[in-house]
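Notes follow once the structure below has been shown.
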Amino acid sequence: MLTLSMSSLTHNSSKVSSRLLGFVTRRRVLESGEEQDGNTLPVKNPSFLRRKALFLPELLRPGRNFGRWMFWGLLLLGFMTLLAKFALVNTFQDLNIDGRRLIATKVVENSSSANKVVQERGGNGGDFKEISSPEKLSTPDIWIKPNSDFYHKCVDRSSNEIKPPSNGYILVHSNGGLNQMKTGISDMVAIAKIMNATLVLPSLDHHSFWTDSSDFKDIFDWKHFIQYLEEDIWVVDHLPPAFASIKPLPRPPVSFSKPSYYRVQMSSLLKKHKVINFTHSDSRLANNGLSNPIQRLRCRAMYEALKFTEDIENLAMKLVERLKDGGSPYIALHLRYEKDMLAFTGCSHNLTKAEDDELRQLRYSVRHWKEKEINSEERRRQGVCPMTPREVAVFLEAMGYPSDTKIFIVAGKIYGRDGVKPLKEKYPNILTHSNLATEGELMPFKNHQNQLAALDYIVALESDVFVFTYDGNMARAVQGHRKYEGFRKTISPDKLNFVKLIDRMDRGEISWDEFASKVRLLHANRTGGPVPRRPGNCSKTEESFYANPYPGCICLKQRRKRKKC
């Protein structure tokens with residue numbers, strides 16, 4: 001029994017000794033390596049940690065490492081300062097701290113003007129009050145002009161252009177209304193250049209529909225006209241005494257003639273007779289096929305030299321300021337629904353039988369109006385009739401213009417028993433020079449329709465949007481000038497397709513929403529953007545140079561070439 005116990009004790013002691021030996025062995029292995037997946041990997045000696053712990057205090061002591069700590073410390077401080085600055089800017093971007101007061105801004109949407117309104121609170125803790133800010137938050141698409149960033153006007157004279165001696169004098173009788181006379185005079189400036197002729201200040205038409213007695217000097221700044229063109233052509237106020245006794249040779253120049261016609265045939269007549277009287281000035285020069293210097297001279301004459309008198313300019317700008325009062329935009333509408341135009345086109349589909357008869361009588365009384373019997377409905381379906389006031393109201397509403405939009409009508413009296421009423425029912429803010437200017441302001445221009453037309457021209461030129469309902473002389477002149485001044489928004493209704501759409505809507509074939517969507521889509525690219533003028537098969541039917549002076553007087557900006565590395 002005793003022997004058995006001793007044997008068991010000896011066996012247990014051996015097991016304990018064996019376990020102790022294994023523990024010691026494993027500890028030694030761990031001090032020199034680490035077992036992983038049956039492999040022994042070397043590990044850092046614990047003595048290294050003791051050395052590293054002794055080395056840390058040395059890094060914190062002044063000495064050779066002090067400069068490094070200063071550098072990294074300053075870099076960290078600068079980074080933290082930058083973060084704090086951005087945080088403050090984002091937090092206080094809508095606040096303006098000015099000593100004793102704090103101004104907070106809020107945007108107020110207004111249907112008539114998208115102006116900013118600032119709410120200001122004084123330092124004494126008073127109530128907020130609203131003050132107008134001149135900046136606009138945003139401009140709705142209906143007022144934004146088409147993109148023309150890559151275009152600019154290019155009408156400068158070239159360095160090699162000269163003004164040779166004069167071959168004689170040309171007298172010019174400018175026929176038609178104001179804008180027809182303007183384009184005709186601009187053509188005559190170019191023709192005088194081609195013929196090396198001296199231009200006498202043109203005489204204006206006193207026998208047109210308006211029977212206006214105004215002369216050149218009553219409408220245009222004649223001194224500016226002469227001075228501006230002095231490097232291009234010779235211009236005089238009147239014939240000199242030595243030529244006053246010469247009987248001028250009357251000539252109606254051939255319409256849409258090329259420069260060779262004036263350079264050869266007309267120049268030879270001028271050299272022989274010394275004084276020629278051009279009895280007509282409208283459309284006497286071709287739209288296309290002219291050299292750049294001649295085209296640019298036409299633009300300089302039309303848009304720069306033919307400046308209106310100071311009295312007209314001053315009153316026109318007063319009207320523009322009144323229209324833009326409060327920062328609200330306005331539309332200039334050339335509603336050519338006037339008696340003379342309706343008689344000329346024969347578009348009487350919206351009128352009474354008595355009114356139709358009156359227009360027919362007028363048409364027959366004007367000898368140079370060739371067409372007498374006209375089918376009004378057929379003309380309307382062809383898209384060549386002036387839009388009626390009701391059609392204009394529906395068109396503007398479909399385009400998205402709100403009912404409180406200011407509309408300045410640049411036209412004479414609207415014809416018909418209803419007049420402008422159908423338009424005014426939808427857009428009550430209808431204005432003209434008659435109700436926007438005072439009676440005293442208009443007194444100097446009374447019974448001078450061409451001078452009043454000059455007022456309207458400037459207001460139309462300066463408008464936020466120009467809409468014309470008939471492609472007449474004023475529509476062409478204003479839209480061309482607006483393109484020249486940076487492609488200001490000008491809407492040209494597609495009357496051919498618009499008439500079809502409005503008739504379908506009136507018959508109940510399409511809903512208002514579908515109609516408005518189609519109208520907007522139809523006019524997406526008819527807002528006066530840069531579209532090159534293209535020659536046509538017939539000069540009389542192609543696009544007028546003065547309706548679109550690109551190309552000729554408007555050029556693409558040259559992009560800067562990137563420097564090679």
Enter the distance from [X]:[atom1] to [Y]:[atom2] here, rounded to the nearest 0.5 Å.
X	Y	atom1	atom2	answer
Ser283	Tyr546	OG	OH	9.0 Å
Arg379	His349	CZ	NE2	12.0 Å
His173	Met188	NE2	CE	11.0 Å

Around atom [atom1] of [X], are there more than 12 heavy atoms from other residues, nucleotides or ligands closer than 6.0 Å?
X	atom1	value
Lys153	NZ	yes
Asn435	CG	yes
Lys274	NZ	yes
Lys372	NZ	yes

> Can Lys339 be said to sit on top of Tyr415's aromatic six-ring, NZ or CZ under 6.0 Å from centre and within 45° of the ring axis?
Replying inline: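 No.
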
> Is the charged tip of Lys182 near the ring of Tyr457: under 6.0 Å from the six-membered ring centre and within 45° of its axis?
Replying inline: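 Yes.
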
Can you name the nearest heavy-atom pair linking [X] to [Y], along with the distance?
X	Y	value
Pro386	Leu342	CG-CD2, 4.2 Å
Asn548	Glu543	CB-OE2, 3.2 Å
Arg533	Pro535	O-CD, 4.0 Å
Lys406	Asp325	NZ-O, 3.6 Å
Ile312	Leu455	O-CD2, 3.4 Å
Ile331	Thr405	CD1-CG2, 3.9 Å

Residues in ring pair (Phe, Tyr, Trp, His ring centres under 6.0 Å) with [X], at least two apart?
X	value
His238	none
Tyr169	Phe243
Tyr151	Phe487, Tyr550
Phe344	Trp369

> Is a side-chain donor-acceptor pair under 3.5 Å present for Tyr337 with Glu391?
Replying inline: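 Side chains of Glu391 and Tyr337: no pair found under 3.5 Å.
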
>> Whether the Gln479 and Thr490 side chains hold a donor-acceptor pair (N or O, under 3.5 Å, no angle test) is what I'd like checked.
In response: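 Not at all, the side chains of Gln479 and Thr490 share no donor-acceptor pair under 3.5 Å.
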
> Pairs in or reaching into residues 273-321: which pass disulfide (SG to SG under 2.5 Å), with residues at least two apart or in two chains?
Replying inline: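 Sorted pair list: Cys299-Cys553.
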
>> Going by the rule salt bridge (Lys or Arg N to Asp or Glu O under 4.0 Å), which residues pair with Lys223 if we only count those two or more places apart in sequence or in a different chain?
In response: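 Lys223 satisfies salt bridge (Lys or Arg N to Asp or Glu O under 4.0 Å) with no residue once adjacent residues are dropped.
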
Short question: side chain of [X], backbone of [Y] - any donor-acceptor pair under 3.5 Å?
X	Y	result
Asp464	Trp143	no
Lys495	Thr469	yes
Ser268	Val264	yes
Asn314	Glu310	yes

Indicate yes or no: does [X] engage [Y] in a salt bridge with an N to O separation below 4.0 Å.
X	Y	value
Glu397	Lys426	yes
Glu485	Arg482	no
Glu441	Arg322	yes

With sequence neighbours excluded, give me every salt bridge (charged side-chain N to carboxylate O under 4.0 Å, His left out) pair touching [range].
range	result
residues 245-273	none
residues 342-354	Lys353-Asp357
residues 282-300	Asp187-Arg298, Asp232-Arg300, Asp282-Arg284

> With sequence neighbours left out, what residues match Ser257 under side-chain hydrogen bond (donor to acceptor under 3.5 Å, both in side chains)?
Replying inline: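 Result, side-chain hydrogen bond (donor to acceptor under 3.5 Å, both in side chains) vs Ser257: none returned.
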
> Who pairs with Ser281 by side-chain hydrogen bond (donor to acceptor under 3.5 Å, both in side chains), at least two apart in sequence or on another chain?
Replying inline: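 Ser281 satisfies side-chain hydrogen bond (donor to acceptor under 3.5 Å, both in side chains) with no other residue.
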
>> Check the orientation of Phe216 and Phe225. Use parallel for under 30°, tilted for 30 to 60°, and perpendicular for over 60°.
In response: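 If you compare the ring of Phe216 with that of Phe225, the planes turn out perpendicular.
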
Show which side-chain atoms of residues 499-509 pair as donor or acceptor with protein atoms under 3.5 Å away, not counting sequence neighbours.
from	atom 1	to	atom 2	distance (Å)
Asp503	OD1	Arg380	NH2	3.1
Asp503	OD2	Arg380	NH1	3.0
Asp506	OD1	Arg390	NH2	3.0
Asp506	OD2	Arg390	NH1	3.0
Arg507	NE	Glu509	OE2	2.9

